[in-house]
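Bear in mind that the values here come from a model prediction, so they are computed numbers and not experimental data. For the single chain, residues carry numbers from 1 onward in sequence order.
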Amino acid sequence: MNLRRSIAILPVLALVVAACTGGGAPTTETTAPPETTSSTAPAVTTTQATTTTAPPTSAVPEVRIGLQLEPPTLDLTTTAAAAIPQVLLYNVYETLVKLDETGSIQPLLAESWELSDDGLEYTFQLRKGVKFHNGDPFNADTVVFSINNVLQSEEHPFRDTFEPIDSVVKVDDYTVKLKLKRFSANLLFYLTQGQGVMLTPSAMDTIANSPVGTGPFAFGEWVPGDSITLVRNPDYWGDPALLEKVVFKYINDPNALNNALLAGDIDIIAGVSAPELLEVFKGDPSFVVYEGLTNGEVTLAINADNPPLDDLRVRQAISYAIDRQAIIDGAYFGYGVPIGSHTTPLDPYYVDLTDVYPYNPDKARVLLEEAGAVGTTLRLFLPPVSYARRGGEIVASQLEDVGFDIEINNVEWGVWLEDVFRNKDYDLSIVAHVEPRDLGKYGDPDYYWAYDNPEVAQMLIDADSEPDEAKRNEIYAEIQRQITADAANAWLFLLPALSVTKQGITGYIANAPGLSLDVTKLAFNP
């Protein structure tokens, strides 16, 4: 198979807003083949009273976006929280290649790239005349530093995704080669994500609170507990941002978030976490309601390191005890689609496994009794988002109904990251894994759910190393079937992207194929 992949020099494509609901820390895996450059964008339902077409300008210089989850730091080289790239990726930081609104990979700081016939070497031709916000030049030395910053880091949360890279080599000032240990179907996708951002060495000391990138917006101000402000970069190499300023306002309470939009304190809610509150905006000509799709698998994570959760029968009992539709109806007012494994219908290798563990509390009770685990106390840790808190109450009731004793612990995101994600000091937790195509962590026994199956780990490598897309997708399908058979976790539903904007906002895309909430084409013409 000829694996040569060449893209002619293209004008920079419009960067668009991607609504991204928060999900905390989990990392990513993808299977997008390097040959794939286009796809069909998923359907979006839009509710509005009237339709207006705005010119490609912005009458209002500032837009305020309401979000629920604030990042714990702005350093995406040490922290995996999805709230960091949500604000910074493509807006402040740029990558060699980017993920567009359809999920396709497009040029950004690399004008073109080519994959060798043997699939072991990427050659990137870099864009000239690009500068960082502090005036530092972007060139091949930048790329070498940025890639090595991941490869050589002991604490980078996504270091494993660059495992196929053997070395990064400067050919000349604007040509870089990535030499691979093996062919990787996923590497190009990883370069579109937070681990692929281009960094300047002179700004690394301030990366946690004052990031410096090459993007159309520069970092302005972070007021912890309140907001992050981005300001237009007047020296941007490409099409300038349409807004002078974008303010991301953090309002944890969903009712307060809605009230802020109704009161005019914000202009957009990017990620409505209380769907019952949408009714106040539907039919009101002042607002537009979006119902888009995400890659967010709302997951009941199971810590397999803790007895009796290391017993397959106990994990299966948990899965049979779950009534997914009751959770969707009760926690998310009917918004959402049940899922039966760690994939979504947006994935090219998706297999519908919702019938493997149908709601069967009687079977759950039998399995729990066979395992001698009736009356077991399990600690359920719930982060502050409503799908977790509301869903957790329903899950706890369902599990108690079959013989578990559930202790609910409501925690803030910082505590969740420290206790659950880093230290694995939990039994169960509910979180939406919002990163696209994130099967990869089922090959990492040190990940927070402690799933350890060497055969699955090898299959993940085999899939990533397989150049043929059909064969690769079948391997991924088998991985889904295996982790489901092992009841590695109990998967609940696909998190929808529910957003509201004021009438006159343009450039907002409701689907969330990746983690960036890209605001570079956002405008407001009331």
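- Using a 3.5 Å distance cut-off with no hydrogens or angles, the side chains of Thr78 and Glu155 do not pair a donor with an acceptor.
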Phe162 vs Ile147, side chain to side chain contact (heavy atoms under 4.5 Å, CB included): CA-CA, chis, key distance, verdict: CA-CA 9 Å; Phe162 280 7; Ile147 299 297; 3.9 Å; yes
Check step by step if side chain to side chain contact (heavy atoms under 4.5 Å, CB included) holds for Val500 and Ile268. CA-CA 6 Å; Val500 184; Ile268 297 172; over 6 Å; no
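- With hydrogens and angles ignored, the 3.5 Å screen pairs a side-chain donor or acceptor of Glu70 with a backbone N or O of Gly225.
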Pair Asp265-Arg64, salt bridge (charged side-chain N to carboxylate O under 4.0 Å, His left out): steps then yes or no: CA-CA 8 Å; Asp265 296 331; Arg64 299 152 298 174; 5.4 Å; no
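- One finds no salt bridge joining Lys441 and Glu435 here, because no Lys/Arg side-chain nitrogen approaches an Asp/Glu carboxylate oxygen to under 4.0 Å.
- Partner of His342 under the ring pair (Phe, Tyr, Trp, His ring centres under 6.0 Å) criterion, out of Tyr476, Trp449, Tyr451, Tyr350: Trp449 alone.
- The two atoms that bring Leu517 and Asn91 nearest to each other are O-ND2, 3.0 Å, heavy atoms only.
- Side-chain atoms of Tyr426 come within 3.5 Å of backbone atoms of Tyr448 as a donor-acceptor pair (strictly under, hydrogens ignored).
- Atom CD1 of Ile406 and atom CD of Glu393 lie 11.5 Å apart (nearest 0.5 Å).
- Not one N or O on the side chain of Asp355 forms a donor-acceptor pair closer than 3.5 Å with the backbone of Tyr357.
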If you apply the rule side chain to side chain contact (heavy atoms under 4.5 Å, CB included), what do you find for Val87 with Val92, and how did you get there? CA-CA 8 Å; Val87 171; Val92 173; over 6 Å; no
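- In summary, the aromatic rings of Tyr290 and Tyr508 are positioned with their centroids under 6.0 Å apart.
- Within the 4.5 Å cutoff, side-chain heavy atoms of Leu278 are placed close to those of Val272.
- The CD1 atom of Ile461 sits 6.5 Å away from atom CD of Glu163, with the distance rounded to the nearest 0.5 Å.
- Annotation: Lys181, atom NZ; neighbour count of heavy atoms from other residues, nucleotides and ligands within 6.0 Å is above 12.
- A side-chain N or O of Thr77 and one of Asp75 form a donor-acceptor pair less than 3.5 Å apart.
- A distance of 11.5 Å separates CG of Leu494 from CG of Leu492, quoted to the nearest 0.5 Å.
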Does the salt bridge (charged side-chain N to carboxylate O under 4.0 Å, His left out) test come out yes or no for Glu370 and Arg365, once each step is laid out? CA-CA 9 Å; Glu370 288 179 357; Arg365 294 184 189 101; over 6 Å; no
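- Ala477 approaches Val351 most closely through the heavy-atom pair CB-CG2, 3.5 Å.
- Counting only heavy atoms from C-beta outward, the side chains of Val97 and Gln106 never approach each other to under 4.5 Å.
- Counting heavy atoms from C-beta on, the side chains of Ser516 and Pro85 never come closer than 4.5 Å.
- In this structure the side chain of Gln68 never reaches within 4.5 angstrom of the side chain of Ile251, judged on heavy atoms.
- For the pair Ser104 (side chain) and Asp100 (backbone), a donor-acceptor distance under 3.5 Å is absent.
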Applying side-chain hydrogen bond (donor to acceptor under 3.5 Å, both in side chains) to Glu407 and Thr377, what does each step give before you reach the verdict? CA-CA 7 Å; Glu407 174 190 299; Thr377 298; over 6 Å; no
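- More than 12 heavy atoms of other residues, nucleotides or ligands sit less than 6.0 Å from atom CD of Gln325.
- Annotation: Lys424, atom NZ; neighbour count of heavy atoms from other residues, nucleotides and ligands within 6.0 Å is above 12.
- Tyr442 and Ala488 get closest at one heavy-atom pair: CE2-CB, 3.8 Å.
- Looking at Tyr90, its side chain does come within 3.5 Å of a backbone N or O of Leu99 through a donor-acceptor pair.
- For the pair Asn252/Pro384, a side-chain contact is recorded, criterion being any heavy-atom separation below 4.5 Å from C-beta on.
- Between Leu187 and Ile165, the closest side-chain pair of non-hydrogen atoms falls below 4.5 Å.
- At distances below 3.5 Å, not a single donor-acceptor pair connects side-chain atoms of Arg324 with backbone N or O atoms of Pro338.
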Given salt bridge (charged side-chain N to carboxylate O under 4.0 Å, His left out), test Lys471 with Glu474 step by step and report yes or no. CA-CA 5 Å; Lys471 293 179 180 178; Glu474 180 49 42; over 6 Å; no
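- When Ile65, Leu69, Leu67 are each tested for a side-chain contact (heavy atoms from CB on, under 4.5 Å) with Tyr250, only one passes: Leu67.
- When the shell of 6.0 Å around CD of Gln458 is examined, it contains more than 12 heavy atoms from other residues, nucleotides or ligands.
- One distance of note links OG of Ser499 with CD1 of Ile509; it measures 11.0 Å at 0.5 Å rounding.
- The two residues Ala364 and Ala321 have their closest heavy-atom pair at CB-N, 4.0 Å.
- Checked by atom type and distance alone, the side chain of Gln480 pairs as donor or acceptor with a backbone atom of Tyr349 at under 3.5 Å.
- Annotation: side chain of Leu76 is in contact with side chain of Tyr93 (closest heavy-atom distance under 4.5 Å).
- Considering all non-hydrogen atoms of both residues, Leu180 and Gly119 come closest at CD1-O, 3.7 Å.
- With Ser341 contributing its side chain and Thr343 its backbone, the two residues share no donor-acceptor pair below 3.5 Å.
- Considering CG of Asp347 and CG of Asn295, their distance stands at 6.0 Å, rounded to 0.5 Å.
- Although no hydrogens or angles enter the test, the distance criterion places no donor-acceptor pair under 3.5 Å between the side chain of Arg472 and the main chain of Asp464.
- Counting all heavy atoms, side chain and backbone alike, Leu89 lies closest to Thr95 at CD1-CG2, 4.1 Å.
- Atoms CG and OG, on Asp253 and Ser386 in that order, are 10.0 Å from each other to the nearest 0.5 Å.
- The main-chain N or O of Arg379 is found under 3.5 Å from a side-chain atom of Asp427 such that the two form a donor-acceptor pair.
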Given the rule in the side chain to side chain contact (heavy atoms under 4.5 Å, CB included) test, do Asn409 and Leu380 qualify, once you have shown the distances and angles that lead to the verdict? CA-CA 6 Å; Asn409 294 270; Leu380 174 61; 6.0 Å; no
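- Inter-residue side-chain proximity for Val431 and His433 is flagged as met; some heavy-atom pair is nearer than 4.5 Å.
- For Ser465 and Arg182, the side-chain atoms include at least one donor-acceptor pair closer than 3.5 Å.
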